[in-house]
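Following: one structure in structure tokens, then a few remarks.
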Amino acid sequence: MRYMITPCANGCKRGRMLRLIFPLPMLTQLEKVYEPQRFEPAWARWWIDNGIFKASAKNTGRTFSIVIPPPNVTGVLHMGHMLNHTEHDVVVRWHRMRGFNVLWLPGTDHAGIATQMVVERQLVTEGLTRQQLGREEFEKRVWKWKCESGNTIKKQMIQLGASCDWSRERFTLDPGLSLAVRETFVRLYEKGLIYRGEYMVNWCPRCFTAISDLETVHEETQGYLWHIAYPVIGTDRTLVVATTRPETMLGDTAVAIHPDDERYKDLHGKKVLLPLMNREIPIILDAMADPKFGTGVVKVTPAHDLNDFEAGRRHNLACIKVIGEDAKMTSAAGSYAQLDRFEARNEIIADLKAQDLLVGTEDHRLPLGRCQRCRTPIEPLVSKQWFVKTKPLAEPAIRVVEDGRIQLIPEHWSKTYFEWMYNIRDWCISRQLWWGHRIPAWHCHVCGQVTVTREEPAQCAHCQSTRIEQDPDVLDTWFSSGLWPFSTLGWPEQTEDLATFYPTSLLITGFDILFFWVARMIMLGLECMGDVPFRVVYLHTMVRDAEGQKMSKTKGNVIDPLEVTEKYGTDAVRMALMRGASPGTDISIGVDNIESARAFANKLWNASRLIFMKMESSGVDSWAASPAANVPLPEALPESLIIPLEDKWIFSRLNRCADAVNRSIETYRFHEAAQTLWHFVWHEFCDWYLELKKLRFEENSGINTHWRNLLTVYESALRLLHPLMPFITEELWQRITDGSPDRPQSLALAPYPQYQAGSSDSKAEFEMEILQSIVTAARELRADMKIDPKATMDGVLVVREKAQAMIGEMHTGIERLSGAKLEVLATADGVEGVKRGFPEFDLIIRVSAAQAEAQRSRIQKEVDQVEKVISSSERQLADEKFLSRAPQHVVDTIKEKLAGYRAQLQKLRESLNDSH
RNA sequence: GGUCGCUUAGCUCAGUUGGUUAGAGCGUCUGCUUCACACGCAGAAGGCCAGUGGUUCGAGUCCACUAGCGACCACCA
């Protein structure tokens with residue numbers, strides 16, 4: 001037993017914890033079925049306890065740094081996180097194994113509104129409100145909650161194998177990060193990039209705070225366009241306005257018409273009587289009124305509509321707030337005061353009807369802004385808030401993407417980014433919440449001025465009064481997230497970490513927070529650090545279910561990562577995700593995908609089981625070579641003269657595999673890396689290589705060479721696979737290493753196999769292909785002719801020159817894998833039986849005439865197919881235009897291939913004639 | 001309203017600069033309890049690459065349009 005379950009040494013009350021007694025270099029036989037639950041938690045712990053993932057601030061070598069998109073402390077891990085974390089971990093482990101000084105910095109976000117809502121909901125169950133509790137008590141309460149449940153995400157990440165440096169874990173409300181927030185705020189304020197003022201903001205009456213434009217979601221909604229008649233004073237005419245929000249009319253301070261609108265020219269300079277309120281308001285001339293829309297007359301409510309607010313400024317109109325922060329009508333709404341805004345709407349419509357002033361109603365689809373958090377319809381209202389002036393920050397942020405100092409992947413996101421950046425509007429950063437970074441501004445009760453400083457001031461900077469009070473508001477969560485890539489490294493202090501790891505190398509995140517987060521980090525990074533926060537942004541898309549549907553609780557199609565990792569193993573879920581993770585497309589994940597990934601893990605497990613069993617019976621107890629960064633050259637190995645074909649072949653394939661995988665990960669083509677490894681391990685290493693090696697061990701000759709080569713390849717494969725499937729590979733790797741001090745402590749620290757020029761062996765690959773074709777041909781014949789699977793077939797093999805030596809060496813293997821006793825002859829003359837002909841060999845199986853017949857239809861089909869290809873190639877080679885315009889190498893290739901097809905056709909025809 | 005993306009086997013998707021029998025996994029069918037693995041082995045079937053037109057010697061790949069789906073942005077009453 002290598003694992004022991006012991007009570008947690010530090011007296012943790014949670015009961016027993018898995019602890020690992022390790023390392024114990026030990027090669028024992030594996031259980032028959034792969035049970036990841038038995039070793040995954042132990043390795044997760046072990047990696048951390050042994051500091052495998054610690055970055056060094058002093059390291060002067062190549063550095064790779066990445067910060068996690070901090071999950072909400074309120075959060076519970078979902079599939080999107082798991083995808084994100086797996087992508088991070090693959091890239092991070094890959095770099096670490098390539099010898100980089102790697103930092104993956106983890107942490108969480110205080111998530112202002114979201115967290116506050118969670119705790120408030122808790123309070124409701126106790127019959128309390130935060131107001132009853134008071135600000136200080138409430139904050140304590142949130143902190144308490146944060147400390148209790150805030151570690152969930154961390155534990156879950158550890159369980160997923162995320163190779164973060166937990167010693168550098170950060171939280172957006174940490175003292176250091178709060179310092180960074182304050183520093184940034186003061187700097188921006190001093191540069192005039194932060195200002196306070198009364199403007200139209202998006203107000204959520206349920207969350208009771210202003211929110212930014214990005215936090216409102218627009219939704220097409222079916223509504224009405226009401227036509228309301230406003231009597232024109234001094235005439236018997238009326239002006240008919242069209243509105244979607246009649247309740248705001250109580251706050252109208254003008255109606256607007258287009259100056260050139262002929263219909264109303266005679267009314268210029270007149271006034272109308274605002275119905276229900278009996279207030280006289282002017283008719284103003286403004287281009288905001290589109291003569292083609294509705295009636296061409298717009299009511300102007302500066303307090304409740306952005307356009308109207310601006311029109312109000314242009315025309316110096318009063319701003320009458322008729323809807324309050326609680327979404328109820330204010331006292332300015334006269335008899336409607338205290339009504340909810342939607343109730344008021346109904347009453348107003350009824351009252352207008354009664355007075356015959358409602359002259360029309362038409363259906364109208366309109367976009368309705370809702371609060372991102374609680375879906376409550378947003379109330380645009382005028383309010384005194386803090387804003388960031390974004391244009392000056394956006395300009396350099398646009399430039400760095402334009403000139404490639406930051407690269408967005410997939411590249412097409414740049415356009416979306418530019419689009420938003422060019423049209424950026426000022427950012428409302430104050431929130432009327434209690435959970436977050438308090439705004440470092442103090443209001444003076446005496447002179448009314450504001451003091452903004454880094455340190456808490458004792459007196460007003462303007463009148464020296466001590467009657468000052470800190471602004472009650474907190475900052476938008478994204479303000480602190482925007483500083484994440486450098487605030488986490490110690491800024492504004494000039495720390496070693498900051499010098500070593502900023503700018504970070506890469507950011508991996510979802511496109512859904514491109515504006516919320518990525519854009520703001522770029523702006524604030526450039527502003528505060530004078531350099532980009534990261535060089536590459538890889539944006540992945542959404543995780544969907546097997547049918548490509550968005551996962552949602554209401555649809556019931558959510559896959560819980562913890563459930564499935566528990567059931568199928570973390571490695572399996574990681575692999576399933578990676579196989580689907582191609583840049584730019586959504587990832588569909590169903591249980592099927594995860595099951596097949598588990599099958600892959602099980603395959604690797606059982607291949608290892610085979611290897612370990614054979615090692616034991618051969619008296620080999622560990623793998624003795626040190627891992628090398630390069631895929632080894634078989635020629636460089638001792639006893640090179642007797643390297644068997646399967647070894648030359650597998651080394652060559654391993655080399656190509658390493659090449660492909662390295663290039664795939666480098667370009668974030670995770671699906672490609674996964675695919676390549678899957679194919680190599682399963683269909684090359686297991687299906688062919690191990691099958692051939694099993695026979696070698698039976699033969700029991702040259703056993704040391706076989707072992708050395710096999711273990712070298714196997715060990716390299718584990719290393720290649722490690723970033724994707726860290727647990728199973730570590731578990732297996734530790735079992736074959738002998739624990740000597742020159743060996744890395746963990747597979748996570750072993751060098752990642754690199755392509756080595758000259759290590760590919762085309763001759764071996766060619767010969768192996770021939771071998772595979774012979775075996776496959778024999779199996780096809782057996783299946784087609786329904787020959788007893790257990791019967792040894794009797795046959796003849798005629799091999800042409802290039803492959804003859806191979807047949808000599810591999811004869812036993814070919815016979816065993818094809819299940820046929822094969823006589824090797826120089827020609828096939830006079831041999832009776834079913835024949836499969838190939839350019840490199842003929843395979844003839846002796847069968848009865850009845851069995852042979854089954855072969856004919858399939859060969860005929862192939863003949864038809866090849867004939868078609870030949871005729872199309874011939875047509876092309878006869879085409880003058882093609883010959884004159886296509887490049888020579890294309891013409892040559894076709895000529896070559898045509899020759900091949902012809903040979904193939906001839907062979908097929910022979911088979912057809914001979915098979916009787 | 002603006003922008004972007006997608007449409008390839010029954011399903012989910014690959015297919016890097018255009019180059020000639022279009023690939024994988026799952027599913028389906030046939031046969032195998034072969035001493036690593038039935039989470040397996042061996043074999044097979046299955047696709048006028050959404051449609052139309054264009055560029056080209058050559059198009060799943062480039063261009064235009066059409067249809068369907070999806071996402072993001074958005075202050076027109």
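In the text below, chain A, chain B and the rest are named by the order of the sequence lines, each starting its count at 1.
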Problem set entry | Distance-only donor-acceptor test, A:Glu672 side-chain atoms vs B:rU16 base atoms, 3.5 Å | no

Problem set entry | Atom-pair distance (CZ on A:Phe600; P on B:rC26), nearest Å | 12 Å

Exercise. Given that both distances must come in under 3.5 Å, which nucleotide forms a Watson-Crick or G-U wobble pair with B:rG1?
Worked result: B:rC73

Exercise. Between the side-chain atoms of A:Lys614 and the base atoms of B:rA36, is any donor-acceptor pair under 3.5 Å?
Worked result: no

Exercise. Tell me, do A:His671 and A:Arg579 make a side-chain contact under 4.5 Å, heavy atoms counted?
Worked result: no

For this session: Look through every strand shown and name the nucleotide pairing with B:rG47 as Watson-Crick or G-U wobble, where both distances are under 3.5 Å.
Result: none

For this session: Under 4.0 Å between any heavy atoms, over every strand shown, what does A:His227 touch: base, sugar-phosphate, or nothing? Just pick one.
Result: nothing

Exercise. When all nucleic acid strands are considered with a 4.0 Å heavy-atom cut-off, which category describes A:Thr295: base, sugar-phosphate, or nothing?
Worked result: nothing

For this session: Scan residues 672-682 of chain A for pairs that pass salt bridge (Lys or Arg N to Asp or Glu O under 4.0 Å), counting only residues two or more places apart or in two chains.
Result: A:Arg669-A:Glu672

For this session: Would you kindly check whether a donor in the side chain of A:Lys415 faces an acceptor in the base of B:rC4, or vice versa, at under 3.5 angstrom?
Result: no

For this session: Decide whether a cation-pi geometry holds between A:Arg520 and A:Trp427; the criteria are a distance under 6.0 Å from NZ or CZ to the six-membered ring centre and an angle within 45° of the ring axis.
Result: yes

For this session: Assign A:Gln876 to base, sugar-phosphate, or nothing according to its heavy-atom contacts below 4.0 angstrom with the strands shown.
Result: base

Exercise. Does B:rG60 have a Watson-Crick or wobble mate here (both distances under 3.5 Å), and if so which one?
Worked result: none

Problem set entry | Between B:rA14 (P) and A:Arg669 (CZ): distance, integer Å | 11 Å

Exercise. In whole Å, what is the span from the OH atom of A:Tyr417 to the P atom of B:rG2?
Worked result: 25 Å

Problem set entry | B:rG31 pairs with, by Watson-Crick or G-U criteria that keep both distances under 3.5 Å | B:rC41

For this session: Can you tell me the distance, in whole Å, between the CG atom of A:Leu695 and the C1' atom of B:rU34?
Result: 12 Å

For this session: Assign each of A:Asp879 and A:Asp784 to its nearest nucleotide of RNA chain B by heavy atoms, then name whichever residue's nucleotide is nearer the 5' end.
Result: A:Asp784

Exercise. Nearest nucleotide by nearest heavy atom, which residue falls closer to the 5' end of RNA chain B, A:Tyr34 or A:Asp213?
Worked result: A:Tyr34

For this session: Using a heavy-atom cut-off of under 4.0 Å over every strand shown, decide if A:Asp687 touches base, sugar-phosphate, or nothing.
Result: sugar-phosphate

Exercise. Just checking, is any N or O donor in the side chain of A:Trp517 or A:Thr509 under 3.5 Å from an acceptor N or O on the other one?
Worked result: no

Exercise. Side chains of A:His540 and A:Tyr668: does their closest heavy-atom pair fall under 4.5 Å?
Worked result: no

Exercise. CG of A:Leu514 versus C1' of B:rU3: gap in Å, rounded?
Worked result: 13 Å

Exercise. B:rC75 base to A:Asn307 side chain: any donor-acceptor pair below 3.5 Å?
Worked result: yes

Problem set entry | Side-chain donor/acceptor of A:Glu31 to base of B:rA36, under 3.5 Å | no

Problem set entry | Under 3.5 Å on both distances, the Watson-Crick or G-U partner of B:rU7 | B:rA67

